[in-house]
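The first residue in the sequence is number 1, and the count goes up from there.
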Amino acid sequence: MTSAQHLPGSAPRPAAAPLPGPRAVPAVPAVSSQGAPVQGTLDDLGTPLADVTFVVVDLETTGGSPADCAITEIGAVKVRGGVHLGDFATLVDPGGPVPPFITALTGITTQMVMAAPGVGEVLPSFLEFARGSVLVAHNAPFDIGFLKAACARLEYAWPAFPVVDTVDLARRVMTRDEVPNHKLGTLARYFRTETEPCHRALADAKATVDVLHGLIERLGSFGVTSLEELKGFAKAPTPEQRRKRHLAENVPSEPGVYLFEDGGGEILYVGKSTDMRTRVRSYFTGSETRWRAREMVGLAQRVRTIVCATGLEAEVRELRLIAEHKPRYNRRSKFPERAVWLKLTAEPFPRLSVVRESRDDGAVYLGPLSSTRQAEEAKAALHEAVPLRQCTQRLTLRLVEKGKGRACALADLGRCGAPCVGDETPDEYEAHADAARAAMRGDVRPVVRAARRRIARLSEEYRYEEAAAQRDRLAAFVRAAARAQRLAALAGLPQVVAARPAFDGGWELSVVRYGRLAAAGTVPPRAAPRPYVDALIATAETVLPGAGGAPGAVTGAGGTGAEEMECVLRWMDSPGVRLVEVEGEWTCPAYGAESFRGWIENAYAAVDPSDR
């Protein structure tokens, strides 16, 4: 009897060609358990990469989301065994204008795609071109996501294409010493591709083909020679992940916050989970495919945990720890102080201003907003409804009385009452300021009416881009006002005690004071809840007004006030939550922004010319 034989190709093999050649069938037959020789099959070997037909695809689109953006160009290259089999390239009419920033990036203009076929004509041809192949893309979730969305809209069944992402492969086989990042342009320069990527679909697809061949050549040293091994390679845990599995051994199976630390005690990453042990262990398995997380695991030397009473407490503690330590591998909530606010100043002739901090200075604040762009759009929507001055000069009553103010062009256009030169009295201007305050604090109907009239007029004149811009301004204002009004209502309450049913039959308890989580606890199953509630209230953190957020001006200064209140409100909106005690009046404006959010979402389709 001969000894068991290893299949050829299981040991690392050098790769001398862009694609590894087919593996030979074993010369020595395998042996069954009864001792009789058994002929090996090709299924045992898998599909050699040299026999796989790859279709490398790249898309250009009008934006980043398949939900509200469209394809403008498809480029694809078909290869097998390193041999070029064919190309597929076409512009696609997205059904609307190409945004200017997309034109600047790709060079594709609205005029170029107006005469192009629609996606309904192009998609069947592409699916036939790619039939029976393996799809390859650089950042595959983006391109495949758009293709799947197009199939869903056209009611086509998405073929079960195997998909290979060259970004994932590059992250596994390329080191930081070789390439600083895994962008297509960077990899193209490293592998010296024949075609330089230029944000055009076919050129980028051709560059990706050369990158794919270079990566497959690298994979030969890892023993990857079949399609099945290729698909499993990116999902396999790295050696660092396997080596550091012991870091999860002492993590408890309880809700809480976990902190990955390096050898010097620096916090690399902060996370939360209702079962910390299960979550932390997942970082050391193949299910963790995020390259930043894998890199973080390579640096980590210990995992520290903080056990929490409830999932809400864990979520809040995570926000606070991220804001305090700013771990390098956390992105979400890392810089809450970067939020911006729309401010109506407290001065004789108030004006709107975008600021970085909310203060108790008598002004009215709207926010927080995530970016200056959103704040400027909300500001423009409010200016459309209320003729506030837009100049930056500081006006005082004495300055106006002496006639030293300067009128701007908006006064000549009739869009400002020109209080700076005395054309509008302080009382007349104060009426405008009161209208702006009312819109920011409660009644947003004047802003919505003004924007809707302008959107309707622009749409009737077929000025769809301007109508879309007006829609975006209104959406920014309504969303910011809805958030501010919702948070201000909670921030004004001295104390709220709420309970939610726990999975084990008990209760989760939360004490919230001025929008800040002051205490969290649990009630065991079948126990009387009142003593636990009283004990939790007695030991809860003392919170002063304005610490979590001041009524009318929700502040996030010095912490995560707004995000923390969002967490609390989500928890209170979950099924089964009951209010145990409420100090103060918890109300929302009758004509507040929340009632218009549904209309805002529908308005995105209302001004789309393809839907008219």
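Looking at T62, its side chain never comes within 3.5 Å of a backbone N or O of C69 through a donor-acceptor pair. Judged by distance alone, the side chain of N330 and the main-chain N or O of V270 form a donor-acceptor pair under 3.5 Å. The main-chain N or O of V354 is never found under 3.5 Å from a side-chain atom of K379 such that the two would form a donor-acceptor pair. A distance-only check finds no donor-acceptor pair linking the side chain of R279 to the backbone of T274 [under 3.5 Å]. Between the side chain of R294 and the main chain of F284, no donor-acceptor pair closer than 3.5 Å is present. No donor-acceptor pair under 3.5 Å is formed between the side chain of K272 and the backbone N or O of R317. With hydrogens and angles disregarded, no donor-acceptor distance shorter than 3.5 Å links the side chain of R500 to the backbone of S574.
In this structure, L247 and V280 have side chains that are not in contact, with every pair of non-hydrogen atoms separated by 4.5 Å or more. Counting only heavy atoms from C-beta outward, the side chains of V568 and S510 never approach each other to under 4.5 Å. Between R513 and I537, some side-chain heavy-atom pair lies under the 4.5 Å cut-off. In this structure the side chain of R356 reaches within 4.5 angstrom of the side chain of T372, judged on heavy atoms. Within the 4.5 Å cutoff, side-chain heavy atoms of M572 are placed close to those of V512. Between L509 and V497, every side-chain heavy-atom pair lies at or beyond the 4.5 Å cut-off. Using a 4.5 Å cut-off on side-chain heavy atoms (C-beta onward), P327 and L268 make no contact. Counting heavy atoms from C-beta outward, M565 and R486 have side chains that stay 4.5 Å or more apart.
Annotation: D434, atom CG; neighbour count of heavy atoms from other residues, nucleotides and ligands within 6.0 Å is above 12.
Between F260 and Y329, the ring center distance fails the sub-6.0 Å criterion.
Using a 4.0 Å cut-off between a side-chain N of Lys or Arg and a carboxylate O of Asp or Glu, R389 and E347 qualify as a salt bridge. Using a cutoff of 4.0 Å between basic side-chain nitrogens and carboxylate oxygens, R437 and E430 are scored as salt-bridged. Residues R328 and E266 are paired through a salt bridge, judged by an N-O separation under 4.0 Å between the basic side chain and the carboxylate.
When all heavy atoms are compared, the tightest approach of V340 to A375 is CG2-CB, 3.9 Å. Nearest heavy atoms, P66 versus A149: CB-CB, 3.7 Å. Between A502 and E508, the closest heavy-atom pair is CB-CG, 4.3 Å. Across D443 and P446, no two heavy atoms sit closer than the pair O-CD, 3.6 Å. Heavy atoms only, all atoms of each residue included: K326 and A323 are closest at NZ-O, 2.7 Å. What you find for A481 and V444 is that their closest heavy atoms are CB-CG1, 4.2 Å.
Of the options V386, L342, V364, a side-chain contact (heavy atoms from CB on, under 4.5 Å) to L352 is made by L342 and by none of the others. Of the options E460, E465, E466, a side chain to side chain donor-acceptor pair (under 3.5 Å) to R463 is made by E466 and by none of the others.
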Applying side chain to side chain contact (heavy atoms under 4.5 Å, CB included), run through E376 and R373 and close with a yes or a no.
CA-CA 5 Å; E376 292 291 349; R373 178 174 172 272; 5.8 Å; no
Determine whether F349 and L388 satisfy the following criterion, side chain to side chain contact (heavy atoms under 4.5 Å, CB included), listing intermediate values before the conclusion.
CA-CA 9 Å; F349 299 94; L388 294 172; over 6 Å; no
Determine, stepwise, if the pair T61 / I102 fulfils side chain to side chain contact (heavy atoms under 4.5 Å, CB included).
CA-CA 8 Å; T61 66; I102 294 294; 5.6 Å; no
Using salt bridge (Lys or Arg N to Asp or Glu O under 4.0 Å), reason through E564 and R320 one step at a time and then give a plain yes or no.
CA-CA 9 Å; E564 181 171 328; R320 294 177 185 175; 2.7 Å; yes
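If you check the side chains of T278 and R281, you find no donor sitting under 3.5 Å from an acceptor.
Within the model, atoms CG of L382 and CD of E377 stand 14.0 Å from one another, a figure rounded to the nearest 0.5 Å. Considering CZ of R479 and CD of Q374, their distance stands at 8.0 Å, rounded to 0.5 Å. Here I455 contributes atom CD1 and R473 contributes atom CZ; the two are 10.5 Å apart, rounded to the nearest 0.5 Å. If you take CG on L259 and CD on E318, they are separated by 9.5 Å, rounding to the nearest 0.5 Å. R483 contributes atom CZ, which lies 8.0 Å from atom CG of L369 (distance to the nearest 0.5 angstrom). Remark: L344 CG to L366 CG distance equals 10.5 Å, nearest 0.5 Å.
Remark: F142 pairs with F146 by the ring pair (Phe, Tyr, Trp, His ring centres under 6.0 Å) rule, at least two apart or across chains.
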Kindly list each side-chain donor-acceptor pair under 3.5 angstrom involving residues 575-589, sequence neighbours excluded, with atom names and distances?
{"from": "E581", "atom 1": "OE2", "to": "R530", "atom 2": "NH2", "distance (Å)": "2.7"}

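The stretch residues 296-311 participates, sequence neighbours left out, in these salt bridge (charged side-chain N to carboxylate O under 4.0 Å, His left out) pairs: E261-R302, E261-R304.
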